[in-house]
Amino acid sequence: MTDIKLYNTMARAKQDFTPIDDKNVRMYVCGPTVYDRAHLGNARPVVVFDVLYRLLRHVYGPDHVTYVRNFTDVDDKINATALARKEAGAPGTLEELVHERSNETIAWYLNDMRALGAMDPNEMPRATEFIQPMIDMIEDLIAKGHAYPDGAGHVLFSVKSYEDYGQLSGRSVDDMIAGARVEVADNKRDPMDFVLWKPSTDDLPGWDSPWGRGRPGWHIECSAMSHDLLGASFDIHGGGNDLQFPHHENEIAQSKCTHPDAGFANYWLHNEMLQVEGKKMSKSLGNFFTVHDLLEQGVPGEVIRFVFLGTHYRKPMDWTEKKRAEAEATLRSIAQLFGGDPHSREWYLRGRGNVPQEILDALSNDLNTSLALTYIRKYVKNRELSKLDASLRLMGFEPEALVEKFHGFEVHAGDNGVVRGVSYHGDGSVSSEHSEVLRSLSAQLFDARETAMETKDFSEVDRLKAALLDAGVEVRMSKNGVELLPGTGFDASKLEGLL
RNA sequence: GGCGAGUUGGCGGAGUGGUGACGCAGCGGAUUGCAAAUCCGUGUACAGGAGUUCGAUUCUCCUACUCGCCUCCA
């Protein structure tokens, strides 16, 4: 069995991964707050942990891994949208409108993430479905002396009651107070105490609780949901490193205090943040965009995934136009390898090959996806289709989809000594009308070239070629034939009048 | 101010106690009517300083710089 090594934030070291139960490897990843479209940064942990999920399934078996990723659907921004809709005259109660907004953004999220090749987790719990377990947990924390109500509808967690508080993020409560950037509130016994439950006004969603009508704080949901779905002890807990503090620290405090004898999560994995052209993505810098924006612009999800996997998950990843273009070129070459020559399709017929050990070794070494992609490039270069196919699949790329999306459209005109004619491969991205034009042009260019080879007058050939290039069509000629490949900048209108 | 991460060739990006991937770009060549594509070849890189060592880019310390978190945030 492949030995997996993972960098455990808790230990600040790469460790051998040993699951609690190798028949049920359990992973929890903090999911999105579903108030709007997922931005590109939201997609990084999804892709990172999707690779880990696939690796775990490969190593332990697809039926022996449980992956849970939550949706946070208790949030003021969701409420604000719902309230605005209600005020604009939308039918339904506020609760219904909140639920409607969450449903809407969850559907967007799943569509976008699937476009990136991310598998759906086994469970995708919503915070609003786990209010009672949260209330139960809060009551238990109060009973054990780790939390206290303030009498005004809040319940707070007492960080001083948990001596290991700060272990994950390497901070001490005293240091943080010294940093003096903590919110001062007179209902807190300690400035670092955080909210488990807070009151809701009438215009906010709320649930009845022993402390009055209210809603849960942010951190308690993950403690409650992971416990319900994975148990008091599970293997991996993941998320972006911005969640390390305070979110994960607080989760640990809540869960460990509720279940003092359990280990909660054994391995804590954190991905680094994403940047755009060297800068943090932010609305004020004008470099903020969603996954959906990119997809709409015609950037295939596979390209986004490929770019993401090119950088190790624990390093900041810079999304740049140049990387986008390089990834697209690489995927195109893969597609042409699989789809270009019918003879190469024997890879379909031979069945699935084994994943090369070097790929497994790379991924098992704390998800060295960048190194794995290096091997993938090597397989492309050496035309090792079986290895390439198996490796791509493990990393979440479907060769069939790559062929369909990136092989694009090409026209061959030529003479193979037996048959003289025109063939083409299309994926529907070029209309049939345009494909007819291209087919005619390819035949015309081939004939013109044959003539020119005898007369040595290449003016007509050059005229056609220049016009095709201008229209965004790549032209490849040899004595065997002509290939026309419309590229991303293909403009069919520029071909009018050539025929 | 506190905590943490990082600094590898033109760019991106792995990795290692013993001359150092890979991709892109560049350069040279083959090929091509010219190109494109392809193929072959090609690179005085490991922030600076000190230390450990037979030997460090890889380990330790210091300095500089960059970035993140500390507030909703993946």
Side-chain angles (χ1 to χ4, degrees), chain A residues 7 9 12 29-33 35-36 38-49 69 72 75-77 166 168-183 192 218 238-249 270-275 278-283 291 306-307 309-318 320 322-323 325-327 329-330 332-333 336 340 362 365 368-378 380-381 410 449-450 452-459 461-462 465-466 468-469 473-480 482-485 487:
Chain A
Y7 184 89
T9 306
R12 278 161 224 294
V29 173
C30 290
T33 302
Y35 62 91
D36 205 346
H39 65 246
L40 191 62
N42 290 301
R44 172 116 106 136
V46 174
V47 171
V48 165
F49 292 105
R69 186 182 64 212
T72 299
D75 174 76
D76 288 346
K77 288 190 278 284
L168 178 71
S169 52
R171 305 151 196 250
S172 72
V173 172
D174 292 339
D175 282 346
M176 286 184 279
I177 292 169
R181 292 187 62 172
V182 289
E183 184 187 350
M192 292 306 298
W218 173 35
N241 75 351
D242 54 338
L243 295 181
Q244 193 176 317
F245 185 89
H247 183 58
H248 289 162
E249 200 71 74
H270 292 99
N271 62 274
E272 252 292 353
M273 299 291 100
L274 173 133
Q275 299 183 315
K279 292 180 177 161
K280 179 172 175 168
M281 184 163 77
S282 73
K283 286 179 178 168
V291 173
F306 200 90
V307 170
L309 298 184
T311 300
H312 185 82
Y313 78 95
R314 282 193 289 112
K315 288 196 171 182
M317 205 220 65
D318 199 12
T320 63
K322 191 179 172 196
K323 284 186 181 177
E326 273 191 33
T330 304
R332 187 174 291 271
S333 68
Q336 293 197 344
N365 185 11
N368 194 341
T369 50
S370 178
L371 187 59
L373 291 187
T374 294
Y375 296 136
I376 282 189
R377 287 191 200 93
K378 183 178 75 177
V380 174
K381 186 174 179 177
E410 62 183 47
R449 186 174 175 284
E450 281 208 316
M453 289 297 282
E454 289 176 14
T455 64
K456 300 300 174 194
D457 174 8
F458 290 95
S459 58
V461 179
D462 288 338
K465 192 177 80 175
L468 283 161
L469 289 174
V473 181
E474 191 177 311
V475 179
R476 300 178 187 172
M477 291 185 274
S478 74
K479 56 181 175 294
N480 296 320
V482 168
E483 278 182 75
L484 300 182
L485 297 94

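Convention: sequence-line order gives letters A, B, ...; per-chain numbering from 1. Source: prediction; values computed, not measured.
With P as the reference atom, B:rG26 and B:rG10 are 16 Å apart, rounded to whole Å. On the C1' atoms, B:rU7 is 6 Å away from B:rA47, given to the nearest whole Å. Across B:rA14 and B:rG9, the matching C1' atoms stand 14 Å from one another, rounded to whole Å.
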- Pair pattern of RNA chain B in dot-bracket, where unpaired bases get dots and | marks partners in another strand, Watson-Crick or G-U under 3.5 angstrom: (((((((..(((.....[...))).(((((.......)))))....(((((..]....))))))))))))....
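If you check every strand for non-hydrogen atoms under 4.0 Å, A:Thr320 touches nothing. The residue A:His270 sits apart from the nucleic acid: no heavy atom pair falls under 4.0 Å. Within the 4.0 angstrom heavy-atom criterion, base atoms lie near A:Gly41.
Contacts of A:Ala38 classified as side chain to side chain contact (heavy atoms under 4.5 Å, CB included), with partners at least two apart in sequence or in another chain: A:Asn42, A:Tyr109, A:Met113. Applying the side chain to side chain contact (heavy atoms under 4.5 Å, CB included) criterion to A:Ser370, with sequence neighbours excluded, gives A:Asn368. Looking at residues two or more places apart in sequence or on another chain, you find a side chain to side chain donor-acceptor pair (under 3.5 Å) between A:Asn241 and A:Glu272. For A:Asp318, there are no salt bridge (Lys or Arg N to Asp or Glu O under 4.0 Å) partners two or more places apart in sequence or in a different chain. Contacts of A:Asp36 classified as salt bridge (Lys or Arg N to Asp or Glu O under 4.0 Å), with partners at least two apart in sequence or in another chain: A:Arg101. Evaluation of the ring pair (Phe, Tyr, Trp, His ring centres under 6.0 Å) rule for A:His39 yields A:Phe288 as partners, not counting sequence neighbours. Contacts of A:Glu326 classified as side chain to side chain contact (heavy atoms under 4.5 Å, CB included), with partners at least two apart in sequence or in another chain: A:Lys322. Residues meeting the side chain to side chain donor-acceptor pair (under 3.5 Å) test with A:Asp457, sequence neighbours left out: A:Ser459. When the salt bridge (Lys or Arg N to Asp or Glu O under 4.0 Å) test is applied to A:Arg314, the partners found at least two apart in sequence or on another chain are A:Asp366.
Between B:rA14 and A:Lys315, a contact under 4.0 Å exists linking OP1 or OP2 to a side-chain N or O. OP1 and OP2 of B:rG4 both lie 4.0 Å or more from every side-chain N or O belonging to A:Asn241.
In the set B:rA14, B:rA74, B:rG12, the nucleotide with an atom closest to the side chain of A:Asn271 is B:rA74.
No salt bridge links A:Lys456 with A:Glu454; every basic N to acidic carboxylate O contact stays at or beyond 4.0 Å.
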Dump the pairs, protein N or O against N or O of nucleotides 20-26 of chain B, anything under 3.5 Å, distances to one decimal.
unit_1 : atom_1 : unit_2   : atom_2 : d
B:rA21 : N1     : A:Thr374 : OG1    : 3.3

Using atom names, set out every protein N or O paired with an N or O of nucleotides 33-35 of chain B below 3.5 Å, distance rounded to 0.1 Å.
unit_1 : atom_1 : unit_2   : atom_2 : d
B:rG33 : OP1    : A:Arg449 : NH2    : 2.7
B:rG33 : N1     : A:Asp462 : OD1    : 2.9
B:rG33 : N2     : A:Asp462 : OD1    : 3.4
B:rG33 : N2     : A:Asp462 : OD2    : 3.0
B:rC34 : O2     : A:Lys465 : NZ     : 2.8
B:rC34 : N3     : A:Lys465 : NZ     : 2.9
B:rA35 : N6     : A:Met477 : N      : 3.3
B:rA35 : N6     : A:Met477 : O      : 2.2
B:rA35 : N1     : A:Met477 : N      : 2.9

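Rounded to whole Å, atom P of B:rU38 lies 11 Å from atom CG of A:Leu485. Residue A:Arg314 contributes atom CZ, which lies 17 Å from atom C1' of B:rA74 at whole-angstrom precision.
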